[in-house]
Amino acid sequence: MKQRHAAAATSALFTLLPLSLLLFRLLALLVRLRLAAFRDAALSLHLLARLRIRPVHLRLPGPHATTLRVWCPAEPSSKPPLLLLHGFGGDSKWTWARNLPTLSRHFHVYAPDLLFFGAHSRSRSPLRTVAFQARCAAEAMRLLGVDRYDVVGISYGGFVVYRLAAMEARDRVPRVVVMTSGVAATPGEMREMAAREERAVEESLLPETADGLRRLVRRSMHRPPPWMPDFVLDDFIKLMCVDQRKERAELLHELLKNGAGIDPLPVLTQKTLILWGDKDQVFPLDLGHRLQRHLGDVSRLEIIKDAGHALQLEGAEQVNRSIKSFLLDGSTLEPARK
């Protein structure tokens with residue numbers, strides 16, 4: 001009896017240890033006023049303790065060492081699987097911070113850090129294509145034993161989910177959500193958009209200074225935070241923009257050169273929901289209309305008012321409702337909303 005109690009106590013201790021270490025880290029960061037790092041640790045704690053979502057590090061098969069970190073449910077459930085793919089603005093935790101609490105109530109959510117984002121998703125492969133990202137995400141789901149799942153991708157992640165849906169059969173990926181992603185832009189149009197920038201595109205999307213990050217936030221959001229002091233922005237840059245910056249710059253240049261990497265762009269057979277902010281200053285709303293026309297009757301465009309490119313943050317409640325309605329409630333596809 002005593003041995004069983006001791007074993008149970010030991011098991012509980014090892015269960016609580018990661019949470020205790022995170023709490024200690026939170027206090028240390030707060031004392032040092034590293035607010036971005038504090039927020040990052042707080043997000044991890046929220047995922048682990050409240051949402052029961054844990055990080056798993058997967059070694060993908062292939063000739064080049066490739067590791068992908070995926071935040072996924074700690075326990076099995078009967079909820080439908082949902083794969084969330086982020087963009088250039090951060091890793092999966094930061095991107096989906098306002099969506100995971102709601103979506104995880106209805107879906108078995110998988111949120112990987114795409115290759116070269118964060119400290120854990122890495123590869124020695126020289127490939128920087130959207131197709132390579134899509135293959136890695138699909139392979140991760142196979143390794144996790146998930147045979148059928150819906151996909152959501154925002155911005156760069158939208159390019160990846162489009163390519164993934166084109167690669168995978170409809171019986172594996174039945175429904176797709178593309179959020180504010182320039183998939184319908186031609187490579188020439190992508191290069192023209194980059195040429196109109198006042199500075200090099202990697203400086204705009206991969207900022208190295210507080211001023212650069214402040215400009216990016218203001219461009220990405222219709223209602224940016226009114227208070228963005230340098231020390232907070234500098235801390236975020238150290239946390240999110242330094243490690244593997246060279247590789248992410250290569251991803252960006254590949255995207256601008258070849259887009260989704262399929263010419264002509266295929267028409268998906270999956271039902272597709274397109275979500276766009278009406279104040280998007282990164283990818284103009286016209287690209288959303290164009291993608292809906294390209295996909296035709298299998299698609300619907302929803303325009304979210306008073307939201308910019310960071311649609312999942314500024315329009316989080318409507319985004320969550322739209323995804324749930326489209327994937328679970330059997331909502332019919334209708335023409336684009338004006």
Side-chain angles (χ1 to χ4, degrees), residues 8-58 68-87 89-114 117-121 140-141 144-146 149-154 157 177 179 225 232 235-236 239-240 310-325 327-328:
T10 301
S11 176
L13 177 63
F14 279 104
T15 300
L16 292 172
L17 186 58
L19 300 180
S20 301
L21 292 173
L22 268 173
L23 285 170
F24 180 80
R25 183 183 170 202
L26 282 169
L27 291 172
L29 292 171
L30 188 58
V31 168
R32 288 150 49 197
L33 288 179
R34 291 201 55 200
L35 297 187
F38 177 86
R39 169 70 170 162
D40 188 71
L43 286 173
S44 294
L45 182 63
H46 182 66
L47 293 179
L48 286 165
R50 294 294 300 276
L51 304 185
R52 304 290 296 163
I53 298 175
R54 62 188 175 91
V56 174
H57 299 85
L58 300 173
L68 204 66
R69 181 170 78 164
V70 184
W71 288 88
C72 54
E75 300 170 350
S77 78
S78 59
K79 300 173 188 176
L82 178 62
L83 176 64
L84 302 174
L85 298 185
H86 61 82
D91 61 12
S92 56
K93 279 189 305 184
W94 284 77
T95 297
W96 305 112
R98 297 186 184 177
N99 313 102
L100 284 170
T102 297
L103 295 180
S104 62
R105 290 201 297 267
H106 305 284
F107 302 97
H108 211 60
V109 172
Y110 298 85
D113 294 339
L114 292 173
F117 291 85
H120 303 282
S121 292
M141 296 300 277
L144 290 167
V146 185
Y149 51 93
D150 297 316
V151 293
V152 176
I154 184 167
V177 181
M179 296 171 57
V232 174
D235 189 33
F236 183 86
L239 178 73
M240 204 65 63
L311 183 61
Q312 85 291 359
L313 299 177
E314 292 192 288
E317 289 187 10
Q318 187 171 343
V319 164
N320 295 337
R321 283 197 303 269
S322 296
I323 291 173
K324 176 180 176 292
S325 175
L327 297 180
L328 291 185

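Not measured: the values here are computed from a predicted model.
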Checklist entry - How far apart are the C-alpha atoms of Leu100 and Leu47, what are their side-chain angles, what is the distance that settles it, and do they pass the side-chain contact (heavy atoms from CB on, under 4.5 Å) test? => result CA-CA 8 Å; Leu100 284 170; Leu47 293 179; 3.6 Å; yes
Those residues at least two apart in sequence (or on a different chain) that pass side-chain contact (heavy atoms from CB on, under 4.5 Å) with Arg105 are Thr102
Heavy-atom check, side chain of Trp96 versus side chain of Trp71, under 4.5 Å:
no
Between Ser325 and Arg321, is there a donor-acceptor pair closer than 3.5 Å when you use the side chain of the first and the backbone of the second? no
Residues 78-87 vs side-chain hydrogen bond (donor to acceptor under 3.5 Å, both in side chains), sequence neighbours excluded, gives none
>> Donor-acceptor pair, distance only, cut-off 3.5 Å: does the side chain of Asp40 make one with the backbone of Ala36?
In response: no
Applying side-chain hydrogen bond (donor to acceptor under 3.5 Å, both in side chains) to Ser92 and not counting sequence neighbours gives Asp113
NE2 of His108 to CG of Leu103, rounded to nearest 0.5 Å, is 14.0 Å
(request) For Leu84 and Val109, run side-chain contact (heavy atoms from CB on, under 4.5 Å): C-alpha distance rounded to whole Å, both residues' side-chain angles, the deciding distance at 0.1 Å, then the answer. (result) CA-CA 7 Å; Leu84 302 174; Val109 172; 3.6 Å; yes
Applying side-chain contact (heavy atoms from CB on, under 4.5 Å) to Pro225 and not counting sequence neighbours gives Val217, Met221, Met228
CG of Leu82 to OG of Ser104, rounded to nearest 0.5 Å, is 10.5 Å
The ring-ring contact (aromatic ring centres under 6.0 Å, His included) partners of His106 (sequence neighbours excluded) come to none
So CZ of Arg39 and OG of Ser44: to nearest 0.5 Å the spacing works out to 10.5 Å
In terms of heavy-atom contacts, Tyr110 and Val70 come closest through CB-CG1, 4.3 Å
Practice problem: Answer yes or no: is there a side-chain heavy-atom contact under 4.5 Å between Met179 and Val152? | Solution: yes
Contacts of Asp91 meeting salt bridge (charged side-chain N to carboxylate O under 4.0 Å, His left out) (sequence neighbours excluded), chain-then-number -> none
Any side-chain heavy atom of Leu85 sitting closer than 4.5 Å to one from Leu83? yes
Applying side-chain contact (heavy atoms from CB on, under 4.5 Å) to Arg50 and not counting sequence neighbours gives His46
Check: Stepwise, does the side-chain contact (heavy atoms from CB on, under 4.5 Å) test hold for Asp150 with Val177?
Finding: CA-CA 8 Å; Asp150 297 316; Val177 181; over 6 Å; no
Review point. Quick one: does Gln312's side chain have a donor or acceptor within less than 3.5 Å of a partner on Asn99's backbone?
Key: no
Sorted by chain and number, sequence neighbours left out, side-chain contact (heavy atoms from CB on, under 4.5 Å) with Leu313 holds for Arg98, Ala310
